[in-house]
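Residue numbers begin at 1 in each chain, while the letters A, B, ... track the order of the sequences.
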Protein chains: 2
Amino acid sequence: MDASGKQRPTMADVAAKAGVSRALVSIIFRGQPGASEGTRERVLRVADEIGYRPDSAARLLARGRSRTLGVMFTVHQTFHADLIQGIYPEAERLGYDVLLSAAAPGRSEAKAAEALLSHRCEALILLGPDAEAAYLDGLGQRAATVSVSRRVPHARVDFVHSAEGKGVRQAMEYLVERGHRRMVHIDGGRGPGSAERRRAYRAAMRRHGLESEARVIAGEHTEESGIEAGRLLLAERNRGQALPTAVLAGNDRCAWGLLMALTRAGVDVPRDVSVVGYDDSHLSHLMPIGLTTVRQDAALMAQYAVRFAVERLENPELEPREAVLDPKLVVRGTTDTAPKTLT
Amino acid sequence: MDASGKQRPTMADVAAKAGVSRALVSIIFRGQPGASEGTRERVLRVADEIGYRPDSAARLLARGRSRTLGVMFTVHQTFHADLIQGIYPEAERLGYDVLLSAAAPGRSEAKAAEALLSHRCEALILLGPDAEAAYLDGLGQRAATVSVSRRVPHARVDFVHSAEGKGVRQAMEYLVERGHRRMVHIDGGRGPGSAERRRAYRAAMRRHGLESEARVIAGEHTEESGIEAGRLLLAERNRGQALPTAVLAGNDRCAWGLLMALTRAGVDVPRDVSVVGYDDSHLSHLMPIGLTTVRQDAALMAQYAVRFAVERLENPELEPREAVLDPKLVVRGTTDTAPKTLT
DNA sequence: TACACAGACTAGAGCGCGCTAGTAGAGCGC
DNA sequence: GCGCTCTACTAGCGCGCTCTAGTCTGTGTA
């Protein structure tokens, strides 16, 4: 508006125009007591008129604290999107700002994390981090740090995850009850939670006397991985080997890929093969028949992550904590009783 | 390290410990000339020892400029993930920092954008914004703003998109050449680019004398939408109506949903129905047979977006510009010649 | 010897805000 | 009138950095 240029207006501008001191404007914008109703309204109106917005860099510099949470996620991980969606409201509720930084092919987690730190995030929430434990511990020393889905032993890092074992167990019980015996697991490699899921799968097979049937196909938490596993199984079938009657995928993305591969090859899911995912990422309920999956409550995990971060901020001496959320098998359309075949 | 507490070390600490002035440390950290090689090394070593990291809030406050680009995206839009991945390297190349802010159910685009602005982003890159043109124009007045995929007429906003018309035309030509006549379009509602795509579809149908066959099913750029359209078509078939021989989806997510719906119902793609997507988001090549789609080069679009933002920053007087990238039909496995049926 | 001049370094103001320590004035009891 | 409290407000320092305008050497030149 001013001919003076496009400089962004500051608190001083608002103060001058409203005929009060800078300090009072500050008080008003922080919602503190100490200003009369009339002045408050007038100042806010003036601020609005000249388009004033608080400068969070200055604000952040002035009060020692930034009240900002940094969230590191990985591009293309749909479950991360679910988590992010849950992080915003909880952070807002507690009066914290949220900054996002993505890891991607070509952009390491370290780079993403450093960016957050240099922007003065007080706490880091790492979604399924893949970096070395030593590095993550280092982050934990520098800021309140919460890891979601990935356990980081012996590190100053809080940990939020679902009870992977329980989830897998539920899925396996469900399948066994429905007559499945030839059940394969596509694992998630070194992805978050996959070690536990793998272990639980093996334990479940053992418990039902199916050790000889147990089979883990090495995979990842990606669609590619599911497709590849599907191709592998189909190739085996073409060589005369029987398909498994059920597949427990490492996560939903993997299940999704597998599903595509099987369905496109004319395999009927769930008639011929049952498929179970893991995550209940927002896509899972979309498919016409829906993906049977183990639900991790993203919103709740997000809430815990934010609270852990904030509580650690308020009390840095806290010992690293762990939140274990109970996952829950969500039965949809990709599972059925085992096909009647001779074993 | 110090018993004095966990205060994060500042430039003054480095200066004191290295026995030089704060100013010199600043010079060194900015990589400016004016310090001897020896001092430079020593200071950097000391800084490393005490774990000093520049505080970008203070830095940003001190120099007028933040050299930070704010990127607003929508959670769960896979194509946005592709774009983000492309934005980082280009921004880094030009010496800019990147901050991300997500719009999500429950978090409006305005909120996301304001967050970026208050963190002093100098420029905004909006990925497929959905807000009102007037609001976006407002943003354009306040910061260098680039919209990707969504045209914002009469607004102070640069625009990067692909030539939607061309892409659709290529797809339609391809289908017509292969004998398709009953071709349906699932549109993207008011999603970015969908108006143009819809227009181009209609024009193509007209050009081939297929006006009477033209049909647009209202949709969105989501998997749900594709599934729903699929259900609609299947329901029609069950009432005796013929399926279309080809479907042009509003984007890849929609195509993906449609594909699931059709395949699950026993419809063979591409034998019975050909499906074409739009975006070439990173999933499209994953499916076993791959999705035939119109490629928008995400990396290139990201580059343009970043450059536009930076150039506008350097020269605010610039008239709003538009980058139109040529899309390209990528033929994969979801399209085939039209089934031989009597029309 | 005097003087310019480069290179290496420093003093100190100021970025926009938060916050502590105040002040001015109204209202009240005595 | 005095002291007191309470509300409404203000002065001004300091957050950690950048940047302008220096100072202080040592060296080359007349």
Side-chain angles (χ1 to χ4, degrees), chain A residues 4-44 46-47 50-68 95 97 117-122, chain B residues 4-44 46-47 50-68 95 97 117-122:
Chain A
S4 63
K6 327 209 59 162
Q7 291 306 338
R8 124 183 210 158
T10 75
M11 228 170 217
D13 299 328
V14 178
K17 181 140 184 190
V20 296
S21 71
R22 248 185 3 75
L24 193 59
V25 178
S26 171
I27 283 172
I28 289 170
F29 265 85
R30 276 174 296 139
Q32 285 209 337
S36 66
E37 225 12 77
T39 319
R40 204 173 283 269
E41 264 176 38
R42 183 162 45 90
V43 166
L44 288 175
V46 167
I50 66 177
Y52 166 78
R53 326 257 154 183
D55 177 339
S56 56
R59 163 174 286 183
L60 177 162
L61 184 60
R63 63 181 172 205
R65 305 196 39 192
S66 70
R67 296 194 75 84
T68 300
D97 232 8
L117 247 21
S118 91
H119 277 280
R120 272 218 168 201
C121 291
E122 297 183 295
Chain B
S4 61
K6 327 210 59 164
Q7 291 305 336
R8 134 180 202 157
T10 75
M11 224 168 220
D13 299 328
V14 179
K17 181 140 184 188
V20 297
S21 71
R22 260 181 349 75
L24 192 60
V25 178
S26 171
I27 284 173
I28 289 169
F29 264 85
R30 276 174 293 139
Q32 285 209 338
S36 67
E37 226 9 79
T39 318
R40 203 172 282 269
E41 264 175 39
R42 184 161 46 89
V43 166
L44 288 175
V46 167
I50 66 177
Y52 167 76
R53 328 254 153 184
D55 177 339
S56 55
R59 163 174 287 181
L60 178 162
L61 183 60
R63 61 183 173 207
R65 305 197 38 191
S66 70
R67 296 193 76 84
T68 300
D97 231 8
L117 246 23
S118 91
H119 277 280
R120 273 214 169 206
C121 291
E122 297 183 297

Tell me: CZ of A:Phe29 to P of C:dG18, nearest whole Å?
-> 10 Å

What's the CG-P distance between B:Asp55 and D:dC15, to the nearest Å?
-> 12 Å

Output all residues satisfying side-chain hydrogen bond (donor to acceptor under 3.5 Å, both in side chains) with A:Asp97, sequence neighbours left out; order by chain, then residue number.
-> B:His119

Can you check nucleotides 9-13 of chain C for protein contacts, nitrogen or oxygen pairs under 3.5 Å, and list what you find?
{"unit_1": "C:dC9", "atom_1": "OP1", "unit_2": "B:Thr39", "atom_2": "OG1", "d": "2.9"}
{"unit_1": "C:dC9", "atom_1": "OP2", "unit_2": "B:Ser36", "atom_2": "N", "d": "3.0"}
{"unit_1": "C:dC9", "atom_1": "OP2", "unit_2": "B:Ser36", "atom_2": "OG", "d": "3.3"}
{"unit_1": "C:dC9", "atom_1": "OP2", "unit_2": "B:Thr39", "atom_2": "OG1", "d": "3.2"}
{"unit_1": "C:dT10", "atom_1": "OP1", "unit_2": "B:Ser21", "atom_2": "N", "d": "3.3"}
{"unit_1": "C:dT10", "atom_1": "OP2", "unit_2": "B:Ser21", "atom_2": "N", "d": "2.6"}
{"unit_1": "C:dT10", "atom_1": "OP2", "unit_2": "B:Ser21", "atom_2": "OG", "d": "2.6"}
{"unit_1": "C:dT10", "atom_1": "O5'", "unit_2": "B:Ser21", "atom_2": "OG", "d": "3.4"}

Residues in side-chain contact (heavy atoms from CB on, under 4.5 Å) with A:Ala16, at least two apart?
-> none

Considering only heavy atoms from C-beta outward, does the side chain of B:Arg120 approach that of A:Asp55 to under 4.5 Å?
-> yes

To the nearest Å, give me how far apart CG (B:Leu60) and C1' (D:dC15) are.
-> 14 Å

Please name all residues satisfying side-chain contact (heavy atoms from CB on, under 4.5 Å) with A:Ala62, sequence neighbours left out, ordered by chain then number.
-> none

Distance in angstrom units between A:Ile28 CD1 and D:dC9 P, rounded = 7 Å

Nearest-angstrom distance from the residue atom CZ of B:Arg59 to P of D:dT18 = 5 Å

Tell me: CE of B:Met11 to C1' of D:dG14, nearest whole Å?
-> 17 Å

Short side-chain to backbone donor-acceptor contact, B:Ser21 and B:Leu24, under 3.5 Å = yes

Between B:Ile50 (CD1) and D:dG16 (P), how many Å, whole number?
-> 13 Å

side-chain N/O A:Ser26 vs C:dC17 OP1/OP2, d < 4.0 Å | no

Just name whichever nucleotide pairs with D:dG12, Watson-Crick or G-U, keeping both distances under 3.5 Å, else none.
-> C:dC19

Would you mind classifying the nucleic acid contact of B:Pro54 as base, sugar-phosphate or nothing, using non-hydrogen atoms under 4.0 angstrom?
-> sugar-phosphate

Does any nucleotide pair with D:dT5 by Watson-Crick or G-U wobble geometry, both distances under 3.5 Å, and what is it?
-> C:dA26

Looking at residues at least two apart in the chain, or sitting in another chain, which of them share a side-chain hydrogen bond (donor to acceptor under 3.5 Å, both in side chains) with B:Arg65?
-> B:Tyr96, B:Glu122

Who pairs with B:Ser36 by side-chain hydrogen bond (donor to acceptor under 3.5 Å, both in side chains), at least two apart in sequence or on another chain?
-> B:Thr39

Taking CZ from B:Arg8 and P from D:dC15, how many angstroms apart are they, rounded to a whole number?
-> 15 Å

